[in-house]
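Taking it in order: structure first as structure tokens, then the write-up.
Each chain gets a letter, A, B and so on, in the order its sequence line appears, and its residues count up from 1.
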Amino acid sequence: MEWNFSEIEAKWKKIWKEDSLYRVENESSKPKFYVLDMFPYPSGAGLHVGHPLGYIASDIYSRFKRLNGYNVLHPMGYDAFGLPAEQYAIQTGVHPATSTMNNIKSFRAQLDNLGFSFDWSREIMTCDPEYYKWTQWIFLKMYNAWYDNKAEKARSIHDLTDHFSRMGTQGINAACSSRMNFTAEEWNNYSKKERQDILMNYRLMYRRISTVNWCEALGTVLANDEVKDGVSERGGYPVIKKPMIQWSMRTTAYAQRLLDGLDKVEWSDSLKTMQRNWIGRSEGARVFFELKDHTEKLEIFTTRPDTIFGATFMVMAPEHPFVKLLTTEEQKNAMDEYVTRSSKVSEADRLNAEKTMTGVFTGSYAIHPFTGKEIPVWVSNYVLIEYGTGAIMAVPAGDERDMRFAATFNLPIREIIQWDQPDAERSSKEGIMIDSDFLNGMRVTDAIKAAIEAIESRSIGQKLVNYKLRDANFSRQRYWGEPFPIAYDVNGIAHEVSPLPLELPEIKDFRPSGDGSSPIAKATEWVNATPGLKRETDTMPGFAGSSWYFLRYMDPQNKEQPFSESAVNYWKDVDLYIGGAEHAVGHLLYSRTWHKFLYDLGMVPTDEPFKKLINQGMIQGVSEKTYLVKDAQEQIYFKGGDSAYYPIKLDKPRQVFISRELTEDYPSDSYGGDAQLNGLSEMTVHIDLVEDYGSSAGGYLTEKGISEFLNRRPDFKDAVFVTSDGYYIDGHYHTVTSSADCRFNTKAEVEKMSKSKYNVINPDSVIDEYGTDVFRMYEMFLGPLEQSKPWDIKGIEGVGKFAKRFWNLFFDENGQFALRDEKPTDEALKVLHKTIKKVGEEIEKFSFNTCISAFMIALNEIKKQQAYHRDILEPMIVLISPFAPFLAEELWHLCGNKTSVHTASWPEFNEQYTLDNVITYPLCINGKKRDLCDFPTDADDKYITETALQRPEIVKWMEGKTAKKVIVIKGKMVNIVV
RNA sequence: GCCGCUGUGGCGGAAUUGGUAGACGCGCUGGAUUCAAAAUCCAGUGACAGCAAUGUCGUGUGGGUUCGAUUCCCACCGGCGGUACCA
């Protein structure tokens, strides 16, 4: 019988749905297991071949766990608020809710094509008021909470006001923006407004001034990646940093717990390292430096207080509040210019400018707290305002960057460490202090302690633990997000809005308001719904809804609470979380923070949400690039046989594209190129236009490809395309050196698969051709789950053939379903049990590629042995069912089973079938294999040694020498050392 | 710059974590079947030398540890990803 996968898939999809096969209950006698995929954003571009990689893996694991007797929660939903829907609305006028629902529909259809075992009755989306009601609810809980550093947990804001009214700030150690001191009496006399302002200093959701990327020309705030080289990516308009009052989440309160929690979870070391670096705990000291001619003191943070005697100058960030104060009249112009210049430089560019140090002297001096010497105060953008105090004591002797800065501006250097290794790096702590007064002769590590003691005893500073983690900006000046359930009165005091959910207003015009506030500001009726109050018009960021969604899946329809106590006590936490590494520090840190907050509230029983985490690798795409000569050109060149350039004059300046083979002549970063030619910039072309896409010889554009490219990019309609043989201009190709057809070569580059890189490959056509089961197995067969790899369809034939051959095992020559009912041979049982063991072990290791190999090996073996026994093949169906759910279900029913294979049990492994009584040992001489020899499993070393030494092949290779030593590794090999 | 990952045949990759390098699949070559093709089946396939048996080399490069290294250590080079110059 033919394997008709599309018929079979349609049939079982329908039956499984009718039977609610994948429905999960919140109570069971079975142990629970929660398998979660990272929340997808349903983009208009739909699913590409990279998306399903993780979903297939989690689905296989879920099915495996079910077969092994677990009650498995495996849900799916949508992170549905976001920028693209809003941008689409601006362009087309389609309401974001409408386009989002359409996207979800097609996304869902694509997911349904992949045979996943999601419990769709738990489907959620963050833009549903029934969902964001609870996002708003949690927001208010955090708004009404403060973090008690002594109790190491969040507490109700009422506890804090209560304490203030009785004792003021005395005895309070709270996470806050700035330290405050007042008495109970003062507190009780403050106005309502003053009290509310003070509480903002403590709330876990609070308002503060933070800067945004403001683009005046677009009249809107831009995300970081919408800004490139200081201008907006769209349109290229200038972008400045603009201060605005915004909501923030006090993530920093949880810094230490976020760090400590990493020790309790099974995540990859690389991911933990990323989070640790992001949280960035460092121990050091804050030190106050007196300033010459000023009463203020400059506060700095250093991790190396031991090097204080090496401090020969100070450096402040350009944004530091003291810059104005300390800049003298003579330096003012230079400073103003530098500060302005720095504010336009993106952080990435500051980063790339690493080699050339820039900075300006303020004209003022600080007083060294130990030596009393005057040291100059500089401003440079290698110091960041966001980290520490935004100012440093610069120690050229102990820091590579400070050294480079000193060298650039000819500042003094005082060597204060004699390193154990003369060529040690400047940051090395292996050495002895010199020229450092009371620290002289100490090891660096001791000197750090001694320096802190001295700093504290002189009251010029104290020991301090510092984190580079910053509080997260929680406001977006957008429409398509959760509204804040907050309204302000005339005094600017925030009030809670009830009842929840506070739904988004209906608006028609999604364009930015132009003054920096969101389009919601234009919905005046909504904004002023309550007399005397104005509602907040900003919305929450994307990570709000995705910070707790995994808890909602446990109890998705609950109308009374975000989730019930019984549901969360049953499911507890996510046992396995699979997703991309791009969320390493964003989502994973925010959701851990929310979870810890809910834990402090007693709402969840676990303090970490994700027990085990696997990062699936990226499926990369191959993009095709072409090269554009910078600036319009008046002539193009051809290279003659004599390597000279022959110019062809153009009628007017035109943009010029260059075929790949010609790029070598042009100047680039790594190669000087020809001085008479301009530099090149890369342009990505859509892979659909490229002939021989992905071939090893390289792709190229024909005349047709070029004209199609120009259709899509009318901004280049006048461009010239130069190849080594001719050029394409105004719709025609002109040959110069030969009469060959137009072949404009492009350059293939492996990159992340993304709509913006024009290299997306959609799974639908592959599934149509080979079926879901083959697609699932092929994606797994590509390589290790955690490794990134370019998408390549070449190998799918092999998996397709495998599936067909597996199917055919169950049918005789006449196409009749036929299984042998007699007892299988020991040999056949051995194949089966080896496969049971192998596949089970590999699934537990998430090594799905080797599982597919194991199936192929088993298949080859079964065919060779003609072991078409029911007792062999039926268990094989169960083994393969997590990978190929449709194929397995159909065969399972053909075998006469009445219930689903997906509710069957994983076959039991019986070791006795796999034991060999003979082991083949490789016999090696000095590590080189020279012979093979069978030995009984229980042969002892002495017997093996003696036998081996008598083997003719071994005798020959020993060339009469005597064995110095014979190493016998039981069950592995024999090595003879001569 | 810094951090993380990665490097094995023509290609995707395997190797029980220090013990026969290249499983499995793709591709390629030859054969069977066919009027022919597709499909299917069988055999071969790391490089070099050799008619062959066989030998030598071989896991990015160079060193080291070891009886034995794709695996561990040191230095370097390339690719991919991230990036907040973290004092």
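The residues A:Arg281 and A:Glu283 are annotated as salt-bridged, a charged nitrogen and a carboxylate oxygen being separated by less than 4.0 angstrom. A salt bridge links A:Asp941 to A:Lys970: at least one charged side-chain nitrogen sits closer than 4.0 Å to a carboxylate oxygen.
Of the residues in residues 801-809 of chain A, those placing a heavy atom less than 4.0 Å from an atom of RNA chain B are A:Lys801, A:Arg805, in numerical order.
Look at B:G9: its glycosidic torsion is within 90° of 0, and that puts it in the syn range. In this entry the base of B:U17 is syn relative to its sugar, with a glycosidic angle within 90° of 0.
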Kindly list each side-chain donor-acceptor pair under 3.5 angstrom involving residues 830-840 of chain A, sequence neighbours excluded, with atom names and distances?
{"residue": "A:Lys830", "atom": "NZ", "partner": "A:Asp916", "partner atom": "OD1", "Å": "2.4"}
{"residue": "A:His833", "atom": "ND1", "partner": "A:Asn910", "partner atom": "N", "Å": "3.0"}
{"residue": "A:Thr835", "atom": "OG1", "partner": "A:Val831", "partner atom": "O", "Å": "2.7"}

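The partner of B:G30, taking Watson-Crick or G-U wobble pairs whose two distances both stay under 3.5 Å, is B:C42.
Between A:Phe935 and A:Tyr921, the gap from one ring centroid to the other is short of 6.0 Å.
Along RNA chain B, the nucleotide nearest to A:Lys863 and the one nearest to A:Met393 differ in position, and the one closer to the 5' end is contacted by A:Lys863.
In this structure, A:Val395 and A:Phe309 have side chains that are not in contact, with every pair of non-hydrogen atoms separated by 4.5 Å or more.
Note on A:Arg401: a side-chain N or O is less than 4.0 Å away from OP1 or OP2 of B:C86.
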For this session: Heavy atoms under 4.0 Å is the rule here; annotate nucleotides 5-15 of chain B 5' to 3' with B where the base is hit, S where only the sugar-phosphate is, and - elsewhere.
Result: ------SBSS-
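Note: CH2 (A:Trp278) to C1' (B:G82) measures 10 Å, nearest angstrom.
Side-chain N or O atoms of A:Asp773 include one that pairs as donor or acceptor with a backbone N or O of A:Leu887 at under 3.5 Å.
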